[in-house]
Amino acid sequence: MASTVANDSGTEADQLDLSDHIFVAVGKLSSQMAILTDAARKERQEASLTRLQNITRHLPGFIYEFKVNADGSRCFPYVSESIEKHFGISCEEVSSNVQKVWDRIHPDDVARVEASTAASASSGELWTCEFRIVRPDGSVRWFSGSAKPESQPDGSTLWYGYVDDITDRHKVEETLRKKTALLQLLTETALNFISVPVTKADTAIEHALGEIAVFFSADRAYLFEYNFQQEKTFNTHEWCAPGITPFKERLQGTPIEWDSEWYFKHQRGEVVHIPDVPAMPECSVKEILSMQSIQSVLTVPLMHEDKPIGFVGFDLVQTKRRFSEEEILLLGVFSRALVSVILRSEADQALKESYEQIDMFFDVSAGLLCVCDYEGQFLQVNHGWELFLGLPKSEIHGRSFATFVHPKDRRATEAMMLKLKQDKKVEDFVNRFVDKEGNWRSVSWVALSRNGKIYASARDVTAEREASEALKTALEDAEHMAEMRSRLISMASHEFRTPLSSIRLSTEMLETYLSDNGVPLPNSASKQFARIFSSTDQLTDVITDILEIEGVGRDKDTNLRTRVDLEALCEEVITTCGELHGASKRIHLTTQSPLVDFETNMLMLKSSLSNLLDNAIKYTSANSMIEVRLAQSGTYMSVEVLDQGDGIPDEEAANLFEAFFRSSRTSHLRGTGLGLPIVKRNIESLGGCVTYRPNQPKGSIFTITLPLEQNCTT
Amino acid sequence: MNPHPAKANTSTILIAEDQEDILENLSDYLSMRGYHTLQARNGKEAFQLALEQGPDLIISDLGMPVWDGNRLLEALQERSELARIPFVILTAWADRQNMRKGLLTGATDYITKPFKLKEIEEAIKSHLARKQRLEESIYTYVRKQRHCIIKKKPAISFTSLMHGGGATHES
């Protein structure tokens, strides 16, 4: 190969592209050059050199000879002029000062170059090394060098080598490496998100943010949640590089549309990427980002069902960065992994909350809630049980509730358990439980069973039961009191009547003796006799009415119903009352429509009518008219007693039927104040009613209304 | 002059009353009205007198020692010869329950204390008259039956006689 180069016209040089061939060729050429001395040779030599230079000028790298002498000194006997293009040093500078080459080597790589040269020298193996050169303009380029060592007779070592710029290759490799690393990182993150327990999800997210931020040399990575209800965003997770101020605390509740373009991009599922914030035209976003010293930013929306639930973002503060489309695409994968872990976390949280809610209800319930097994062992009880039994849960759990049940209730309780085992629901079952103090307390149960467990809700009904007992006793007491009262009134009536009877009889005897002896009584004496009789009669009336209104000794015959001809009954009452008071002539009976017979208690109706008619006669002047009107309307009979007396003052009308009420207009007249209340009670007990309204132009109208079909109320 | 001279009234009234003044006054009054009166201070005493004397009418209190009025009435009801004697209850127990109980046991009337003498007198007269009418009817009936038996005529019922139906057959 070498002779081919030397003897040929040089036309083949362009075809040489392999460094091995070149440095071999160069080695042979230079040795030939040293031997040639004559002019022709010199000419040929120069021609060869020119040829060599022409060849090497178009090589991507440069070739050289490098020599290390036995004394350790070194030099470059030859270096092609392309070195200046690559290293920024001329061939002359290299020849005059070998150190200049070393000075260009990246400080971090010097040691490696030295070590590999020394190793090649000692072993005689091919020297290869990749190293960086810092050029005078400060740019750094990668180079790959390889050289074949040859030991020289004078003890020196000579390398024939070729150095090539591999910066571009390095970049491609670096990109590939980074991409692989990113893929690996994302895969690991996604796997971690799938398997991480929900309780550690937040830590995992923050860790992943950090890893990815470091990967992209970002200074801050964060996660925001969109809260559409509140129309706000919340910074939920953040990672910051050392020395970078965290913003998480400050970025809570920012309005969702703090920048509409930003928000709309996320809405469409697009990323927001600003590679160079300082280069942005002036705007609010730039202002905000600049305030945080952000140079570059990338945010990727977290899409779920075509809507952004938030976004993940990366800020670069110390440097700028343009994310490649591929990187953005891969970050989309990351965002999806984040969505899945967030949703899982939320679902888990919701589940946890719902469990907590159930637990809360369980404990807050005023009732006694428990879960038992079929043996009646308490598996879970609520706070209500602690209060009820006066024992902590720990002492209740695991115990059979049979140990708390009253011995007399055990058999019934076992029957209840059997029913539950047969999958029947138990309701309103009551048994007694003993509490810590040894008190027996009644518990009412509702329970059902499922999958071998009994779910029960019980209620402490002790107080209820006691109250019910107390009520029963109170009612009995009240009945007893009523009975006592009735007896007392009856007795009092009897005890009043006995001496009244003596007074009346003695007085009458006295009158009889006097009149039987034929002595005409002086008017004054007759008046006194009349007063005594009147007073005893009044007292007797009061006692009679009190007995009547209190219903003392009222017999069951008040429920007796007979067919009554109302017209005939009224005629009878009018006759009796009229004759008694000598007022027959001023009472008129009118019947407004044909009446049917109806069933009622005749005695009670009769006494009520007599009462109303007596009042009408007593409280009106002797020449005024009294009318009794009978009518039937639908299913009701009515009797009206109309008089032309003074009537009842409006303010007194409301109290007319109250016991012992006396109208101011009649208080001077004899009466007990019980007549109308008795009428009211009697008529109401017949299912009817009695009412008052003023007559026109003056007087009173009392109306008794009775249903044709009667329900007994007494 | 006495405006109500004692008539030749043979009716005997037995008064059972533990309250002395009432017993005495009532007895006095009825004597003045020409009745023969018997006095008893308890139910048992009254029963003995009724057995011995066979009064025409009995006025009795309810609340009395030894035997009360109800027991007296029951005892009288058990003796056929005494059961028909009109029995007027005179009491300070004014409630319907007591009233009803008395009337159901067989009392003829129920007068509550305090009472008017006139009221008592009218009741006595009315019950004695009824008793007399009844007794007369019975005599007439017995006489007519005897007559029918003698004349071999068909027997007549007591009810038709009471309603005046039998009068045509007389003489």
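The chains referred to below are lettered A, B, ... by the order of the sequence lines, with proteins before strands, and numbering in each begins at 1. For clarity, every value in this text was computed on a predicted model and none was experimentally measured.
- For K131(B), the NZ atom counts as densely surrounded, since its 6.0 Å shell holds more than 12 non-hydrogen atoms of other residues, nucleotides or ligands.
- Between D21(B) and S502(A), some side-chain heavy-atom pair lies under the 4.5 Å cut-off.
- With chain A as partner, the option from I22(B), D28(B), T112(B), L117(B) having the largest number of non-hydrogen pairs under 4.5 angstrom is L117(B).
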TODO: Any chance you could lay out the side chain to side chain contact (heavy atoms under 4.5 Å, CB included) test for F533(A) and K116(B), step after step, and finish with the verdict?
DONE: CA-CA 9 Å; F533(A) 290 138; K116(B) 293 174 182 158; over 6 Å; no
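- In F657(A), the CZ atom is crowded: over 12 heavy atoms of neighbouring residues, nucleotides or ligands sit closer than 6.0 Å.
- Side-chain atoms of T498(A) and Q19(B) include no donor-acceptor pair closer than 3.5 Å.
- Surrounding CZ of F496(A) are at most 12 heavy atoms belonging to other residues, nucleotides or ligands under 6.0 Å away.
- Taking 4.5 Å as the limit, some side-chain heavy atom of S506(A) sits within range of a side-chain heavy atom of N25(B).
- Remark: I111(B) CD1 to S501(A) OG distance equals 11.5 Å, nearest 0.5 Å.
- Counting heavy-atom pairs closer than 4.5 Å to chain B, the top-ranked of the candidates L500(A), I503(A), L505(A) is L505(A).
- Across every non-hydrogen atom of M491(A) and W93(B), the tightest pair is SD-CH2, 3.9 Å.
- The two atoms that bring A92(B) and S493(A) nearest to each other are O-OG, 4.4 Å, heavy atoms only.
- Heavy atoms of K101(B) lying under 4.5 Å from chain A are absent altogether.
- Separation of atoms NE2 (H494(A)) and OG1 (T91(B)) is listed at 5.0 Å; rounding is to 0.5 Å.
- When side chains are defined from C-beta on, Y29(B) counts as touching M509(A), because their heavy atoms get closer than 4.5 Å.
- No more than 12 heavy atoms of other residues, nucleotides or ligands lie within 6.0 Å of CG in N523(A), so this atom counts as exposed by the packing criterion.
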